[in-house]
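Atoms within a ligand are numbered from 1 in the order they appear, just like the ligands themselves. The chain is numbered in sequence order, starting from 1.
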Amino acid sequence: MRIEVSDPHITNEEYTVSSMVAAAKQLLPLEERVPGVRGEAFDLKSWYFSWKQRHNADRAPEPTHVKVEAIDEFQATLPWSQIEQALFLYAQEGKELKKGYPIRLYVPDGSSECLNVKSVVKLWFLHDDKLGEEATYGFKNTVSPDELKFKK
Ligand SMILES: Nc1nc2c(c(=O)[nH]1)N[C@H]1C(S)=C(S)[C@@H](COP(=O)(O)O)O[C@H]1N2
Ligand SMILES: [Mo]
């Protein structure tokens, strides 16, 4: 399973869980930020900064938002200010995740539990103030029954 990571100011790359973990500077027990949920995690923002550094992209502008997409096409977009505590769970009891594989986002200081996106396979660092200061989530390309009628 691959996880695609992109930032238009840096690059577009694919990672495995282990290569992502190897690139992380800050590993921590998830429980430190999400009481009651055990497992091993890495901090999102510090992952971004070490990734940026590895690509010698120190002058790239700081993102305004992070967007994640899961295997089931569930997505979430978070303003940069809401990801201060965000982290990815990647293992439990030393093994790959049974639920949420390959990695699961947790946003302890986010506006909703619904932002804890399971099975993340795409991670985008975005640069667009117009996306606003509210976190959003939901399924990609949801089409209402009414819209479907017109598409036939
Ligand atoms: N991939 C994926 N992640 C998801 C969802 C989803 O439908 N797909 N639902 C979200 C919502 S709305 C909630 S409330 C939580 C539920 O987490 P749980 O399965 O651990 O109870 O997962 C979030 N993460
Ligand atoms: Mo939810």
Counting heavy atoms only, which part of [X] comes closer than 4.0 Å to ligand 1: side chain, backbone, both or neither?
X      : answer
Cys114 : both
Asn116 : backbone
Tyr137 : neither

Task: Distance-only side-chain donor-acceptor flag, His55 / Glu13, under 3.5 Å - done: yes

TODO: Examine the side chains of Glu134 and Ser111 and answer whether a donor and an acceptor come within less than 3.5 Å of each other.
DONE: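 No, no side-chain donor-acceptor contact under 3.5 Å.
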
Just to confirm my output: which protein heavy-atom neighbour is closest to [atom], and how far is it?
atom                    : answer
atom 2 (C) of ligand 1  : Asp72 OD2, 3.5 Å
atom 17 (O) of ligand 1 : Arg104 NH2, 3.0 Å
atom 9 (N) of ligand 1  : Phe74 CZ, 3.8 Å
atom 7 (O) of ligand 1  : Phe139 CZ, 3.4 Å
atom 3 (N) of ligand 1  : Lys118 N, 3.0 Å

Task: Within 6.0 angstrom of Phe74 CZ, more than 12 heavy atoms from elsewhere - done: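 Yes, CZ of Phe74 has more than 12 neighbouring heavy atoms, counting only those of other groups under 6.0 Å.
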
- [ ] Can you sort out which atoms of ligand 1 are near Ala70, meaning under 4.0 Å from one of its heavy atoms?
- [x]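 Every atom of ligand 1 under 4.0 Å from some heavy atom of Ala70: 1 (N).
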
Open item on the list: Check Arg33 with Asp43, please: is the shortest side-chain N to carboxylate O separation under 4.0 Å?
Closed with: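 Judged by the 4.0 Å cut-off on N to carboxylate O distance, Asp43 and Arg33 do form a salt bridge.
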
- [ ] Please find out if less than 6.0 Å separates the ring center of Phe125 from that of Trp51.
- [x] yes

- [ ] Return the option from Glu73, Lys99, Glu113 holding the heavy atom at the smallest distance from atom 21 (O) of ligand 1.
- [x] Lys99

- [ ] Measure up the His9 and His127 rings against each other and bin them: parallel (under 30°), tilted (30 to 60°), perpendicular (over 60°).
- [x] perpendicular

Open item on the list: Can you classify the ring geometry of Tyr15 versus Trp47 as parallel (below 30°), tilted (30 to 60°) or perpendicular (above 60°)?
Closed with: perpendicular

